[in-house]
There are 2 protein chains.
Amino acid sequence: MSPQPRLTKNQDLVFRVLVDAETPLSAYMILDQVREFGIRAPLQVYRALDKLQSLGVVHRLESLNAFVACARADCQRHEMVAFAICDKCRHVSEFSDAQVKAYLDNWMVGAQFLANQTAIEIRGTCRACTR
Amino acid sequence: MSPQPRLTKNQDLVFRVLVDAETPLSAYMILDQVREFGIRAPLQVYRALDKLQSLGVVHRLESLNAFVACARADCQRHEMVAFAICDKCRHVSEFSDAQVKAYLDNWMVGAQFLANQTAIEIRGTCRACTR
DNA sequence: CAAAAAACTGTAATGCTATAACATCAAGAA
DNA sequence: TTCTTGATGTTATAGCATTACAGTTTTTTG
């Protein structure tokens with residue numbers, strides 16, 4: 001489950017909380033859960049999150065100011081990923097669509113725009129909450 | 001320039017600031033610019049922004065916690081819009097790609113996900129800042 | 001190995017972003 | 001008119017994120 005470079009204690013604590021979570025968690029929600037393990041300040045959480053994001057094992061959901069563990073077994077970096085976020089139950093589906101990526105890439109080539117990072121977040125209601 | 005329903009004073013003030021801006025502005029940056037016209041509290045700005053967003057004439061950039069006036073002349077259509085945000089000069093290019101929309105729609109149909117709102121934000125470096 | 005460099009940790013203080021709660025006012029519909 | 005809806009104004013507070021400073025551990029490399 002753990003990614004390549006051995007995580008430090010703080011990173012591992014934060015990562016485990018996210019892996020166990022069923023919904024995205026804010027940094028402060030994470031903090032609440034790791035306080036009992038010695039982490040006391042928001043910055044300690046944010047630093048761990050930064051590292052985990054750079055490893056590609058955690059994603060930030062911009063529209064929620066929250067974080068999720070990567071859903072894919074093979075967490076590759078710099079790939080284009082999209083999220084469908086249910087506003088009722090907060091469940092998040094992560095998916096990767098090569099064709100969406102291809103079309104956005106195409107636009108970027110045309111505009112001569114060098115992309116670092118792409119956020120695709122769809123807010124709505126999931127199947128389970130519709131019925 | 002102004003949209004259908006006549007804007008109220010506060011809405012108009014906020015909208016004008018965004019139209020004149022060359023980069024996305026946070027609610028508090030907007031507040032700084034409308035203080036001289038009598039707006040004093042963040043909530044007054046947020047309320048105006050909410051209304052302008054629902055009219056479709058202002059977009060929120062989730063990854064920046066900031067707002068931009070809609071770049072398109074015909075703002076009425078509430079299509080899927082994407083943003084390319086330059087991290088160097090903060091310039092934002094707004095574009096709409098029917099193909100991307102089609103593929104995301106396709107995914108949503110498959111997953112039986114009812115979408116309300118979609119955010120597509122590409123962070124990187126624009127053409128002008130590359131050279 | 002020892003020195004240097006890089007990465008991680010801890011803490012306090014602060015700043016930025018957004019909303020809750022309450023009271024009031026203005027405009028249009030019944 | 002009376003009712004309803006939407007906008008306004010203000011204060012207080014909640015929630016999210018970073019700066020600054022100090023110290024420690026781990027890794028690199030000469």
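- When rounded to the nearest whole Å, the span between CG of D50(B) and P of dA20(C) equals 11 Å.
- Close to dC16(D), at under 4.0 Å from its OP1 or OP2, lies no side-chain N or O of N65(B).
- Taking side-chain N and O atoms only, R40(A) has no distance below 4.0 Å to OP1 or OP2 of dG10(C).
- Electrostatic pairing of D12(B) and R16(B) counts as a salt bridge here, judged by a charged N lying under 4.0 Å from a carboxylate O.
- As a whole-Å value, the separation of L43(B) CG from dA7(D) C1' is 11 Å.
- Between dC8(C) and K51(A), a contact under 4.0 Å exists linking OP1 or OP2 to a side-chain N or O.
- Under a 3.5 Å cut-off, the side chain of S96(B) and the backbone N or O of M80(B) do form a donor-acceptor pair.
- Listed candidates were dC16(D), dG10(C), dA20(D). Nearest to the side chain of R47(A) is dG10(C).
- Atom CZ in F37(A) sits roughly 19 Å away from atom C1' in dG10(C) (whole-Å rounding).
- Going from atom OH of Y46(A) over to atom P of dC16(D) covers 7 Å, rounded to whole Å.
- Atom-to-atom, CD of Q11(B) to C1' of dG6(D) comes out at 9 Å; the value is rounded to the nearest Å.
- Put simply, CD on E62(A) is 16 Å from C1' on dG15(D), counting in whole angstrom units.
- For dA7(C), the OP1/OP2 oxygens have no side-chain nitrogen or oxygen of R6(A) closer than 4.0 Å.
- Sparse packing is recorded around CE of M29(B), with 12 or fewer heavy atoms of other residues, nucleotides or ligands lying under 6.0 Å away.
- Classification of the W107(A)-F95(B) ring pair by plane angle, with boundaries at 30° and 60°, yields parallel.
- Contact check, Y28(B) against dC16(C): no side-chain N or O comes under 4.0 Å of OP1 or OP2.
- Using a 4.0 Å cut-off, no side-chain N or O of Q44(B) falls inside it from OP1 or OP2 of dT8(D).
- With respect to the salt-bridge test (charged N to carboxylate O, under 4.0 angstrom), the residues E121(B) and R123(B) do not qualify.
- Straight-line distance from the NZ atom of K9(B) to the P atom of dA27(C): 14 Å, rounded to whole Å.
- Protein atom CG of N10(B) is 13 Å distant from nucleotide atom C1' of dA26(C), rounded to whole Å.
- Remark: T8(B) is in phosphate contact with dT8(D), judged by side-chain N or O atoms under 4.0 Å from OP1 or OP2.
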